[in-house]
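Residue numbers count from 1 along this sequence.
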Amino acid sequence: MLTVREEMCGLDFEKLYRYCPPNKGCSQEDIRRAEARLGVRLDAQYADFLRYANGWREFFGDISLFGTQELAGSPELDMAWELLELVYPLNPHLAFQKEDLLPIAIDEAGRGFFVLAPSARGGPGAVIWFAGQEVERYASFHDFLRSILQYNIDDLEESFKGRA
């Protein structure tokens, strides 16, 4: 994904978009501290990602993915919790308890956010995208990342076609 974002940055001659690199990966101790603060064990796929990139501001458009710093307490996380409080009653089909959902990303304006949902079988949890209602559900954090990568590739091809 970093390669695609760097290519977009190089082709964005009018500087229409902001391109932020991912944060440096975190340590296992950082993950333990975030888990202790939250009172949950992080999804293994998400925790692995945090070891590589401990959060990523604007990794897709104006959507920022939380790192351990945000998970330990931040205005962005607070906003995501508030949004979850608002949208949870509007989505009765979820089959998850609100308390079991963990916000992991939010857009700059607070219109949309993403949560990790627990797995019923102990495997990877799903990622759910909300913008009032559920927009999309990804089977795992890896599936979520693959989809965001594809969105970035599509954006690269549509927005910068013929500029290379």
Side-chain angles (χ1 to χ4, degrees), residues 1 4-5 17-18 20 22-23 26 28 30-159:
M1 181 157 7
V4 172
R5 298 288 294 166
Y17 299 94
R18 293 182 290 203
C20 301
N23 296 337
C26 70
Q28 185 59 38
D30 293 328
I31 291 171
R32 280 192 209 107
R33 277 194 295 271
E35 289 175 334
R37 168 75 169 79
L38 292 165
V40 300
R41 184 154 178 87
L42 293 179
D43 176 86
Q45 291 181 359
Y46 181 46
D48 285 344
F49 178 82
L50 292 174
R51 286 184 199 94
Y52 172 75
N54 191 14
W56 192 339
R57 190 165 179 260
E58 298 173 352
F59 83 119
F60 176 61
D62 66 350
I63 298 168
S64 294
L65 187 61
F66 298 156
T68 56
Q69 317 88 282
E70 290 84 15
L71 293 173
S74 67
E76 297 85 2
L77 180 64
D78 292 343
M79 184 187 314
W81 284 121
E82 289 173 16
L83 289 170
L84 181 58
E85 257 326 295
L86 293 171
V87 303
Y88 184 80
L90 304 174
N91 293 273
H93 63 282
L94 284 176
F96 297 105
Q97 297 298 313
K98 178 177 57 180
E99 298 76 25
D100 294 334
L101 301 174
L102 175 64
I104 60 165
I106 192 166
D107 71 28
E108 192 174 89
R111 292 181 307 262
F113 65 105
F114 296 77
V115 298
L116 267 170
S119 168
R121 297 181 179 88
V127 174
I128 305 171
W129 179 0
F130 289 103
Q133 298 288 324
E134 181 177 328
V135 175
E136 194 161 350
R137 189 176 296 208
Y138 309 91
S140 68
F141 186 78
H142 286 163
D143 287 345
F144 162 68
L145 286 180
R146 277 191 286 276
S147 292
I148 296 298
L149 172 59
Q150 189 59 56
Y151 294 148
N152 275 293
I153 290 169
D154 293 347
D155 194 24
L156 173 64
E157 291 173 357
E158 290 171 19
S159 299

*Asks:* For D107, what residues pass the side-chain hydrogen bond (donor to acceptor under 3.5 Å, both in side chains) criterion, not counting sequence neighbours?
*Replies:*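 D107 satisfies side-chain hydrogen bond (donor to acceptor under 3.5 Å, both in side chains) with no residue once adjacent residues are dropped.
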*Asks:* Of all residues at least two apart in sequence or in a different chain, which pass the ring-ring contact (aromatic ring centres under 6.0 Å, His included) check with Y46?
*Replies:*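 Testing Y46 for ring-ring contact (aromatic ring centres under 6.0 Å, His included), a comparison that skips the adjacent residues, returns F141.
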*Asks:* What's the shortest heavy-atom distance between A109 and D62, and which atoms?
*Replies:*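 A109 and D62 have their closest heavy atoms at N-OD2, 4.2 Å.
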*Asks:* Any pair with a residue in residues 65-77 that passes side chain to side chain donor-acceptor pair (under 3.5 Å), sequence neighbours left out, goes on the list, sorted by first then second residue, please.
*Replies:*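 Pairs touching residues 65-77 that pass the test: N54-T68, N54-Q69, S74-E76.
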*Asks:* Mind checking the CG-CG spacing from L102 to D43? Nearest 0.5 Å is all I need.
*Replies:*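 Rounded to the nearest 0.5 Å, the CG-CG separation comes to 9.5 Å.
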*Asks:* Which pair of non-hydrogen atoms, one from F113 and one from V87, has the smallest distance, and what is that distance?
*Replies:*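 Scanning both residues completely, I find the closest heavy atoms to be CZ-CG2, 3.5 Å.
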*Asks:* Show the nearest heavy-atom pair for residues A117 and L101, with the distance to one decimal.
*Replies:*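 The pair with the smallest heavy-atom distance is CB-CD2, 3.7 Å.
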*Asks:* Do P103 and W81 have side chains that get closer than 4.5 Å, going by heavy atoms?
*Replies:*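 Side chain of P103 against side chain of W81, heavy atoms only: contact under 4.5 Å found.
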*Asks:* Using the side-chain contact (heavy atoms from CB on, under 4.5 Å) rule, take F144 and L65 through it: C-alpha gap first, then chi angles, then the decisive distance, then the call.
*Replies:* CA-CA 12 Å; F144 162 68; L65 187 61; 4.2 Å; yes
*Asks:* What residues, two or more places apart in sequence or in another chain, satisfy side-chain hydrogen bond (donor to acceptor under 3.5 Å, both in side chains) together with Q97?
*Replies:*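 side-chain hydrogen bond (donor to acceptor under 3.5 Å, both in side chains) check on Q97 returns nothing, list empty.
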*Asks:* Would you check, one step at a time, whether the test side-chain contact (heavy atoms from CB on, under 4.5 Å) holds for Q150 with R146?
*Replies:* CA-CA 6 Å; Q150 189 59 56; R146 277 191 286 276; over 6 Å; no
*Asks:* As an exercise, state the distance from CG of D100 to CG of L116, rounded to the nearest 0.5 Å.
*Replies:*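 If we round to the nearest 0.5 Å, D100:CG and L116:CG are 12.0 Å apart.
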*Asks:* Show the nearest heavy-atom pair for residues F96 and P118, with the distance to one decimal.
*Replies:*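 It is CE2-O, 3.3 Å.
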*Asks:* State, to 0.1 Å, how close G67 and L50 come at their nearest heavy-atom pair, and which atoms those are.
*Replies:*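 Heavy atoms of G67 and L50 come nearest at CA-CD2, 3.8 Å.
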*Asks:* Check the pair I148 / W56 against side-chain contact (heavy atoms from CB on, under 4.5 Å), numbers first and verdict last.
*Replies:* CA-CA 13 Å; I148 296 298; W56 192 339; over 6 Å; no
*Asks:* Please determine whether the number of non-hydrogen atoms from other residues, nucleotides or ligands lying under 6.0 Å from atom CZ of R51 exceeds 12.
*Replies:*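 Enclosed: over 12 neighbouring heavy atoms sit under 6.0 Å from CZ of R51.
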*Asks:* Would you call F130 and L94 a side-chain contact if the rule is heavy atoms closer than 4.5 Å?
*Replies:*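 F130 vs L94: side chains touch.
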*Asks:* Mind checking what makes salt bridge (Lys or Arg N to Asp or Glu O under 4.0 Å) contact with R33, not counting sequence neighbours?
*Replies:*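 Here the qualifying residues are E29, D30.
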*Asks:* Output the distance between atom OH (Y138) and atom CD1 (I128), rounded to the nearest 0.5 Å.
*Replies:*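 Reported value, rounded in 0.5 Å steps: 11.0 Å.
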*Asks:* By the side chain to side chain donor-acceptor pair (under 3.5 Å) test, which pairs, at least two apart or in different chains, include something from residues 82-95?
*Replies:*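 Listed once each, the pairs are E85-K98, H93-E134.
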*Asks:* Apply side-chain contact (heavy atoms from CB on, under 4.5 Å) to residues L145 and V127 and explain how you reach the verdict.
*Replies:* CA-CA 10 Å; L145 286 180; V127 174; over 6 Å; no
*Asks:* Sequence neighbours left out, what passes side chain to side chain contact (heavy atoms under 4.5 Å, CB included) with S140? Give chain and number order.
*Replies:*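 Once residues adjacent in sequence are excluded, the partners of S140 under the side chain to side chain contact (heavy atoms under 4.5 Å, CB included) criterion are Q45, P124, H142, D143.
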*Asks:* So, using side-chain hydrogen bond (donor to acceptor under 3.5 Å, both in side chains) as the criterion, who are the partners of R111 when residues are at least two apart?
*Replies:*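 side-chain hydrogen bond (donor to acceptor under 3.5 Å, both in side chains) check on R111 returns nothing, list empty.
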*Asks:* Among residues at least two apart in sequence or on other chains, which ones pass ring-ring contact (aromatic ring centres under 6.0 Å, His included) with F66?
*Replies:*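 For F66, no residue satisfies ring-ring contact (aromatic ring centres under 6.0 Å, His included) once neighbours in sequence are set aside.
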*Asks:* Of all residues at least two apart in sequence or in a different chain, which pass the salt bridge (Lys or Arg N to Asp or Glu O under 4.0 Å) check with D78?
*Replies:*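 Partners of D78 by the salt bridge (Lys or Arg N to Asp or Glu O under 4.0 Å) criterion come out as none, since no residue qualifies.
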*Asks:* Who are the side-chain hydrogen bond (donor to acceptor under 3.5 Å, both in side chains) partners of Q133, not counting sequence neighbours?
*Replies:*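 Per chain and number, Q133 pairs via side-chain hydrogen bond (donor to acceptor under 3.5 Å, both in side chains) with no residue.
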*Asks:* Count the heavy atoms belonging to other residues, nucleotides or ligands that lie under 6.0 Å from CZ of R137, then report whether that count exceeds 12.
*Replies:*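 For R137, atom CZ is crowded (more than 12 foreign heavy atoms under 6.0 Å).
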*Asks:* Quick check: closest heavy atoms across L71 and A34, and the distance to 0.1 Å?
*Replies:*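 In this case the closest contact between L71 and A34 is CB-CB, 4.3 Å.
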